[in-house]
Amino acid sequence: MAAGFKTVEPLEYYRRFLKENCRPDGRELGEFRTTTVNVGSIGTADGSSLVKLGNTTVICGIKAEFGAPPTDAPDKGYVVPNVDLSPLCSWRFRSGPPGEEAQVASQFIADVIENSQIINKEDLCISSGKLAWVLYCDLICLNHDGNILDACTFALLAALKNVQLPEVTINEETALAEVNLKKKSYLNIRTHPVATSFAVFDDTLLIVDPTEEEEHLATGTLTVVMDEEGRLCCLHKPGGSGLTGSKLQDCMSRAVTRHREVKQLMDEVFKSMKPK
Amino acid sequence: MPGDHRRIRGPEESQPPQLYATGEGEAPAPRDPARLRPVYARAGLLSQAKGSAYLEAGGTKVLCAVSGPRPAEGGERGGGPAGAGGEAPAALRGRLLCDFRRAPFSGRRRRAPPGGGEERELALALQEALEPAVRLGRYPRAQLEVSALLLEDGGSALAAALTAAALALADAGVEMYDLVVGCGLSRALAPAPTWLLDPTLLEEERAAAGLTVALMPVLNQVAGLLGSGEGGPTESWAEAVRLGLEGCQRLYPVLQQCLVRAARRRGAAAPL
């Protein structure tokens, strides 16, 4: 009977739960779904990670290639993110060129990389003006159950921490690069940005980590990206209902707590991988 | 890509570091020509897809999802004599749309997202191999979408995709005559031209010819066959097909187990 009511009046069904300060899957309003992360599973990629936020699954694979540095910044490398939302993850998407949601997500990830200074692009330069590393970060969503942005940011961070770049030296006589695939080193990750997404219901209620159904019923969404020193890196609020300043402050404090949870999880995972 | 404004731009072109690597490449280790790599198969893992399957064989990782049946796009097609067993007439039968994609990080060299000809060819091969197994007559004017994603290529990618697609269709509850099991083969170069079953990426790259067979194990009928490379005597190719079919039969019990487990899991979760 509940299932019938849910199909006919999804919003009313939801409101009944929200009145009791909980959600249909049993979570509280400020509770995240179970987060799991698996690092380094793709052998062909230079760095990879798989993140599951409840049912939402995102895999990130990073391939490093050589390229010429940009003409306006000759001592910087490239970090090129690409989020892929295909019919595999949800029936809503069509195969073909990236749709709107994928483009928005790709641009969001590019902004996070730029604003949080997660890696120093100068570290990626091998020879100023001639050769630099290009890190292609491909994020593929395997299962879309809401809150893609959080999962993608986390997957990107974990994959970047997992990337190992081979040693490159420029031979002075031939001016060609020489790559030693046996000697690899990790990237220097300066900050750890973590995203926290919220959905706004009925212009007033904020819930954390929305599932896909909740995203559809919400009147607005908000994503806050924090780094470890409690600094705000990025705020993404694509329209939707307005929020008061105090609500925004609550969101930011929740984001700080979330950062601690995620950092702890990541430290555990990377510590368990050390003996390699 | 220069004109692609939908993706974040990188440099105009880039080269993989392997081009500049010092040191020689590795040679494939000698092995038993009829060995199959241990397979891990799991069905029913994606919540948003009607049916899904993940297959891992050695280094090859494939994920496949099925959605539908959905009303078919494209014009109405006329009727005709009805098929046996209450099926729709031939012109109104359902369609199977297959899509094969390689993840950009799946091979040695990064492949930019718009796949190109090879992916379309493999998608067509998938469709041709899966059609004989699916009772499309039971889904008139509908289309079933099968999307296969290759996460890591460790050799025999098409074979793994075929098997995963068939498992995903079965997991979705689509009516089928039988499962489809795929097996890859490759023939090494001149000095020892033996056919190797289930080649690794290294063996495939150094092969003179390659073959993928798809078999419906219970009906014992070949559903698909795709081969390419240097020619050879017909007995050699016939021998290869026989080896491939034997490999498929050996793989079948693992897939049966996988589907039974998935069904049990669904049964246990259902009463909620």
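Note that the structure is predicted; figures quoted are calculated from it, not measured. Here is how names work: the chains are called A, B, and so on, in the same order as the sequence lines, proteins then strands, and each is numbered from 1.
Looking at A:Pro98, the atoms closer than 4.5 Å to chain B (heavy atoms on both sides) sit in the backbone and in the side chain alike. Both the backbone and the side chain of B:Arg109 have a heavy atom closer than 4.5 Å to some heavy atom of chain A. The contact between A:Ala68 and chain B is made entirely by backbone atoms, counting heavy-atom distances below 4.5 Å. Contacts of B:Arg108 with chain A are made by backbone atoms alone, with heavy-atom separations under 4.5 Å and no side-chain atom involved. Contact of A:Asp138 with chain B is made through backbone and side chain together, with heavy-atom distances under 4.5 Å. For A:Gln107, the parts lying near chain B are the backbone and the side chain together; criterion is any non-hydrogen pair under 4.5 Å. Interface remark: A:Ile140 contributes side-chain atoms only to the contact with chain B (heavy atom separation under 4.5 Å). Interface remark: A:Ser106 contributes backbone and side-chain atoms alike to the contact with chain B (heavy atom separation under 4.5 Å). When heavy atoms are compared at a cutoff of 4.5 Å, B:Glu145 approaches chain A solely by way of its side chain, counted from C-beta outward. With a 4.5 Å cut-off on non-hydrogen atoms, A:Ala64 touches chain B through its backbone but not through its side chain.
Of the listed residues A:Asp84, A:Thr57, A:Ile109, A:Val83, the one with more heavy-atom pairs under 4.5 angstrom with chain B than any other is A:Asp84. Highest contact tally toward chain B, considering only A:Pro81, A:Ser48, A:Gly67, is held by A:Pro81 [criterion: heavy-atom pairs under 4.5 Å]. Ranked by heavy-atom pairs shorter than 4.5 Å toward chain B, the options A:Glu212, A:Gln103, A:His144, A:Glu65 are led by A:Glu65. Among B:Arg70, B:Lys50, B:Glu13, the residue making the largest number of heavy-atom pairs under 4.5 Å with chain A is B:Arg70. The residue among A:Val80, A:Ile42, A:Val134, A:Val168 with the most heavy atom pairs within less than 4.5 Å of chain B is A:Ile42. Considering only heavy-atom pairs separated by less than 4.5 Å from chain A, the leading option among B:Gly59, B:Ser47, B:Gly154 is B:Ser47. With respect to chain B, the highest number of heavy-atom pairs below 4.5 Å among A:Leu88, A:Ile62, A:Asn55, A:Thr56 belongs to A:Leu88. Interface summary for chain A: among B:Leu151, B:Val66, B:Val146, B:Asp153, the most heavy-atom pairs under 4.5 angstrom belong to B:Leu151. When each of A:Asp46, A:Ile59, A:Val79, A:Asn82 is checked for heavy-atom pairs under 4.5 Å with chain B, A:Asn82 comes out on top. Ranked by heavy-atom pairs under 4.5 Å with chain A, the first of B:Leu63, B:Leu45, B:Asp99 is B:Leu63.
In this pair, A:Phe17 and A:Tyr13 present their aromatic rings perpendicular. The plane angle is above 60°, beyond the 30 to 60° band.
Residues A:Leu142 and B:Leu149 are in side-chain contact: their nearest non-hydrogen atoms beyond the backbone lie under 4.5 Å apart. By the 4.5 Å heavy-atom criterion applied to side chains, A:Pro238 and A:Val104 are not counted as neighbours.
For the residue pair A:Tyr78 and B:Ser14, no side-chain donor N or O sits within less than 3.5 Å of a side-chain acceptor on the partner. Side-chain contact annotation: A:Asn162 with A:Ser49, donor-acceptor N/O pair under 3.5 Å absent. With 3.5 Å as the limit, one finds a donor-acceptor pair spanning the side chains of B:Ser156 and B:Asp198.
In summary, of the residues considered (B:Val174, B:Leu96, B:Leu144), a side-chain contact (heavy atoms from CB on, under 4.5 Å) with B:Leu130 occurs for B:Leu96 alone.
Sorted by first then second residue, the salt bridge (Lys or Arg N to Asp or Glu O under 4.0 Å) pairs that include residues 108-136 of chain A, not counting sequence neighbours, are A:Glu114-A:Lys121.
Using a 4.0 Å cut-off between charged nitrogen and carboxylate oxygen, B:Arg111 and B:Glu118 count as a salt-bridge pair. One finds no salt bridge joining A:Arg33 and A:Asp25 here, because no Lys/Arg side-chain nitrogen approaches an Asp/Glu carboxylate oxygen to under 4.0 Å. Using a 4.0 Å cut-off between a side-chain N of Lys or Arg and a carboxylate O of Asp or Glu, B:Glu131 and B:Arg93 do not qualify as a salt bridge.
Applying the ring-ring contact (aromatic ring centres under 6.0 Å, His included) rule to A:Phe32 yields no partners; only residues at least two apart in sequence or on another chain are considered.
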